[in-house]
Amino acid sequence: MLACVTLLAPFTALLVAVFLVPVGYAIGLSLFSEDHQGLGFGGGTTVFTGLRSYLAVLDDPSFMSGFGAIALYCVIFVPVVVVSALALALLLDSGLVRLRRTAQMLLYLPHAVPGIIAAVIWLYLYTPGLSPVIKLFAQADITIDFLGLHTVLPSIVNIALWSGLGYNMVIFYAALQALPREVLEAARIDGAGDVRTALQVKVPIIRASVVMVCMFSLIGALQLFTEPMLMNQATPMVNSRFTPNMYIYDAAFRRNNYGMAAAASVILLVVTCALSYAVTRWAGRRERSAR
C-alpha cells in the first residue's frame, strides 16, 4: 500500500496542481462578475451571478460560430494529418526509403519549431506583396489569395499540418517497429504484397495508436489559437473571436470580462472531455467488434 501511494504521489500532486486547481478556480470565477456603479469609476463589486455568464456565452452567436469554424477545421485537419502521417510511417517502415533516419529527422524538424515562429513564417508566405510563393504563381498567370474567404481555413490547416505531421509520423513509426516480425513474415509467406500487408496486417494491429493520434489531433484542434490569432492581424477573414480560444482571450483581455472568459473556458473543457470520451468509446466498440 505504501509503495502504491509513493508511486502515485508525484502524478497526483501534478494533476491537482496543474489541472484540478485551475479548473476549480475557473468554475468559481465563472460564477461571479464585477459590477461597477455609476460611470464605472473606482473599484468594482464582486457579486454572485450563478449561471448568468454561461447563458450569456451560449447565447452569443460569435462563440457558437467559433465552434462551427473549429468543426470545419477538424473535418479537414484530423483526417489529413492522420492519413498522411500513417502513409509516411508505412513508407519508412517498408524499407523502400533510403537514408531512413535522415528522412525521419527532416520530417520531424518542423515540429521542433515553436508554433508562433511557424505561424509567422507561413504568414510571410501568405501575405501578398511579400510572399515569394505568390510572386512565383503570378509569373505563371495564377492568382491565389491564401488569406481569402474560402482559403484562409485551408491555410491554417496547412500550418498545423506542417508542424504536426512529423510528430504523428514518429508515433506511428514507433508502433510499426514494435510489430511482431513473425506476423509480417507469415503474411509474406501467404503471398501478401507490400500494400496488402500494410493495409490488412500492419494498420489493424496498430489501431490503438491510430485512435490515440486521432484523439490528440482532435484535442489540439479544439485548442486552436496561435495561427488564427496571428492571421487576425493580416486579414479581415479571421476576426477576434474566430475560435473558442480566441473568444476566451477577447473576453478576458479586451473586454475585461473574466467571468465570461472563465465560463467559456469551462464550456470548452466540457466539450473537449465529451468528444474525447466519445472517441474512446467508439474505438473500444470497434475493437470488441473486431475480435
Side-chain angles (χ1 to χ4, degrees), residues 15-78 115-116 119 147 149-150 152-153 156-157 160 215-279:
L15 178 67
V16 171
V18 305
F19 182 74
L20 296 182
V21 170
V23 168
Y25 179 75
I27 294 174
L29 189 63
S30 68
L31 301 176
F32 294 86
S33 68
E34 291 283 338
D35 279 1
H36 297 271
Q37 303 294 332
L39 298 178
F41 297 104
T45 303
T46 302
V47 295
F48 179 77
T49 57
L51 300 179
R52 190 176 73 180
S53 294
Y54 290 93
L55 297 176
V57 169
L58 293 174
D59 193 50
D60 192 338
S62 60
F63 182 72
M64 303 310 295
S65 66
F67 272 107
I70 283 294
L72 185 57
Y73 173 84
C74 290
V75 168
I76 301 173
F77 172 71
V78 176
I116 186 70
L147 303 177
L149 177 61
H150 301 293
V152 66
L153 192 60
I156 295 174
V157 170
M215 186 167 64
F216 285 175
S217 299
L218 181 62
I219 293 173
L222 289 170
Q223 298 174 357
L224 183 65
F225 177 77
T226 304
E227 295 87 353
M229 191 66 182
L230 276 178
M231 288 190 174
N232 172 247
Q233 311 298 321
T235 173
M237 299 302 135
V238 179
N239 59 48
S240 61
R241 305 178 193 179
F242 186 74
T243 67
N245 265 341
M246 291 180 66
Y247 180 94
I248 294 167
Y249 179 88
D250 180 77
F253 301 110
R254 292 177 179 169
R255 291 179 283 165
N256 295 320
N257 193 332
Y258 296 104
M260 182 173 287
S265 301
V266 173
I267 293 173
L268 180 60
L269 172 64
V270 171
V271 171
T272 303
C273 292
L275 288 176
S276 301
Y277 176 75
V279 171

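When reading the values below, keep in mind they use all heavy atoms of this one structure, side chains included, and skip hydrogens, waters and symmetry mates.
No donor-acceptor distance shorter than 3.5 angstrom exists from the side chain of Thr235 to the backbone of Met231, with no hydrogens or angles considered.
Remark: the Ser30 side chain and the Tyr54 side chain contain an N/O donor-acceptor pair separated by less than 3.5 Å.
The two residues Gly66 and Pro244 come nearest to each other via the heavy atoms O-CD, 3.6 Å. Contact detail for Ala261 and Ala252: the closest heavy-atom pair is CB-CB, 3.7 Å.
Screening residues 216-246 for ring-ring contact (aromatic ring centres under 6.0 Å, His included), with sequence neighbours left out, gives Phe225-Tyr249. Among residues at least two apart or in separate chains, salt bridge (Lys or Arg N to Asp or Glu O under 4.0 Å) pairs with a member in residues 58-77 are Asp60-Arg241. Evaluation of the salt bridge (Lys or Arg N to Asp or Glu O under 4.0 Å) test over residues 252-274, restricted to residues two or more places apart or in two chains, returns Asp250-Arg254, Asp250-Arg255.
Scanning for ring-ring contact (aromatic ring centres under 6.0 Å, His included) contacts around Tyr277 gives an empty result, with sequence neighbours left out. Partners of Thr243 by side-chain hydrogen bond (donor to acceptor under 3.5 Å, both in side chains), not counting sequence neighbours: none found. By the ring-ring contact (aromatic ring centres under 6.0 Å, His included) test, Tyr258 pairs with no residue at all, sequence neighbours left out.
To the nearest 0.5 Å, atoms CE (Met246) and OG1 (Thr226) are separated by 10.5 Å. Between the CG atom of Leu224 and the CD1 atom of Ile70 there is a distance of 4.5 Å, given to the nearest 0.5 Å. Taken to the nearest 0.5 Å, the CD1 atom of Ile267 stands 7.0 Å off from the CZ atom of Phe67. Rounding to the nearest 0.5 angstrom, the gap separating the CD1 atom in Ile156 from the CD1 atom in Ile76 is 10.0 Å. Note that the OG atom of Ser265 and the CE atom of Met260 stand 12.0 Å from one another [nearest 0.5 Å]. Rounding to the nearest 0.5 Å places OG1 of Thr272 at 6.5 Å from CD of Gln223.
Contact annotation: the side chain of Ile248 approaches that of Asn245 to within less than 4.5 Å [non-hydrogen atoms, C-beta and beyond]. Annotation: side chain of Leu218 is not in contact with side chain of Ser276 (no heavy-atom distance under 4.5 Å).
Exactly one residue among Leu153, Leu149, Asn232 makes a side chain to side chain contact (heavy atoms under 4.5 Å, CB included) with Met237. That residue is Leu149.
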